[in-house]
Amino acid sequence: MRKILIIGIGSGNPEHMTVQAINALNRADVLFIPTKGAKKTELAEVRRDICARYVTRKDSRTVEFAVPVRRTEGVSYDGSVDDWHAQIAAIYEGLLSKELGEEGIGAFLVWGDPMLYDSTIRIVERVKARGEVAFDYDVIPGITSLQALCASHRIPLNLVGKPVEITTGRRLHESFPEKSQTSVVMLDGEQAFQRVEDPEAEIYWGAYLGTPDEIVISGRLAEVKDRILETRAAARAKMGWIMDIYLLRKGADFDE
Ligand SMILES: C[S@@+](CC[C@H](N)C(=O)[O-])C[C@H]1O[C@@H](n2cnc3c(N)ncnc32)[C@H](O)[C@@H]1O
């Protein structure tokens with residue numbers, strides 16, 4: 001039966017690759033690499049660099065495939081994501097049946113870790129449920145952007161004995177600071193931190209983590225908010241794209 005390896009490749013630094021991930025890369029006959037459009041060629045570049053550095057077997061192939069753009073007009077958020085996943089599932093199905101032999105091993109190289117704000121596992125399950133191509137799959141964990149953020153700022157993720165929430169910019173208002181003393185925000189296209197008014201809030205922000213363009217800023221939110229907004233806008237204009245993540249915190253270890 002065909003085998004799929006869903007490999008977490010870390011979030012920008014090729015040295016995030018674990019030994020398990022490198023071994024998995026070398027088990028694969030075909031390496032599937034998503035390309036996400038012209039602006040994010042750097043991301044496809046990191047994947048190519050990883051293959052060039054770590055793939056030692058000579059007989060594997062790389063197959064690049066275009067990821068469709070998610071349609072957002074005239075549909076609900078959930079409907080739009082569902083349609084998008086269905087489109088990608090059809091692409092995966094085609095790749096598996098055309099590019100892999102009956103006993104072939106294919107690898108999907110997933111940014112960060114496949115369990116964190118990534119739908120590869122979900123989509124692969126969807127392909128399996130369609131039942132057109134028989135295969136099994138394994139998941140190999142990777143270093144997430146959240147780990148990279150905490151490492152670059154040299155901070156623990158949680159306050160002692162306290163919970164943490166991971167959320168999106170769109171939903172930050174539901175959590176921090178009322179519900180959660182530590183919120184990590186990903187996928188934030190609106191810089192939701194600028195609407196947090198709490199004078200005690202602190203922010204640890206990072207963009208392009210793990211890459212040579214990494215930028216990190218931290219401090220009391222009220223004091224560094226404008227600097228983050230300006231730095232982010234300038235970096236985005238220069239690079240043509242941005243990926244950033246931040247942790248908001250209120251309180252200290254051992255506070256009740
Ligand atoms: C679709 S999610 C993928 C997350 C990924 N699976 C992970 O484990 O980090 C993309 C979001 O992750 C965050 N992200 C991923 N890589 C990043 C990086 N190198 N620097 C800053 N943020 C990053 C950003 O919030 C971005 O909007």
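Side chains included, hydrogens not; waters and symmetry mates left out as well; all remaining heavy atoms used. As the structure lists them, so they are numbered: ligands from 1, and atoms in each ligand from 1. Along the sequence shown, residues carry numbers from 1.
Residues Y117 and W111 keep their aromatic ring centres 6.0 Å or farther apart. The distance between the ring centers of Y246 and Y204 does not fall below 6.0 angstrom.
Assignment of G12 to the shell around ligand 1 is not supported, since no heavy atom sits closer than 4.0 Å. For the pair G206 and ligand 1, a heavy-atom separation below 4.0 Å is found.
Close contacts of ligand 1 with G112, meaning ligand atoms under 4.0 Å from a residue heavy atom, involve 7 (C), 8 (O). Numbered from 1 in the order shown, with element, the atoms of ligand 1 that lie under 4.0 Å from a heavy atom of M186 read 4 (C), 9 (O), 12 (O), 13 (C), 25 (O). Atoms of ligand 1 lying under 4.0 Å from any heavy atom of L187, numbered from 1 in the order shown and given with element: 1 (C), 10 (C), 25 (O), 27 (O). Atoms of ligand 1 found under 4.0 Å from any heavy atom of D113, numbered from 1 in the order shown, are 6 (N), 7 (C), 8 (O).
A salt bridge is absent between R220 and E200: the closest approach of a Lys/Arg side-chain nitrogen to an acidic carboxylate oxygen does not fall below 4.0 angstrom. Electrostatic pairing of R227 and E230 does not count as a salt bridge here, judged by no charged N lying under 4.0 Å from a carboxylate O. Ion pairing of D29 with R57 is present here, as a side-chain N (NZ or NE/NH1/NH2) and a carboxylate O approach within less than 4.0 Å.
Geometrically, ligand 1 and L146 share no nitrogen or oxygen pair separated by less than 3.5 Å. Residue S11 has at least one N or O atom closer than 3.5 Å to an N or O atom of ligand 1.
Relative to atom 1 (C) of ligand 1, the option among Y117, W111, Y208 with the closest non-hydrogen atom is Y117.
Looking at D244 against ligand 1, only its backbone comes within 4.0 Å, counting heavy atoms.
When every heavy atom of Y92 is checked against every heavy atom of T120, the shortest pair comes out as OH-CG2, 3.8 Å. Taking every heavy atom of both residues into account, I7 and A21 meet most closely at CG2-CB, 3.6 Å.
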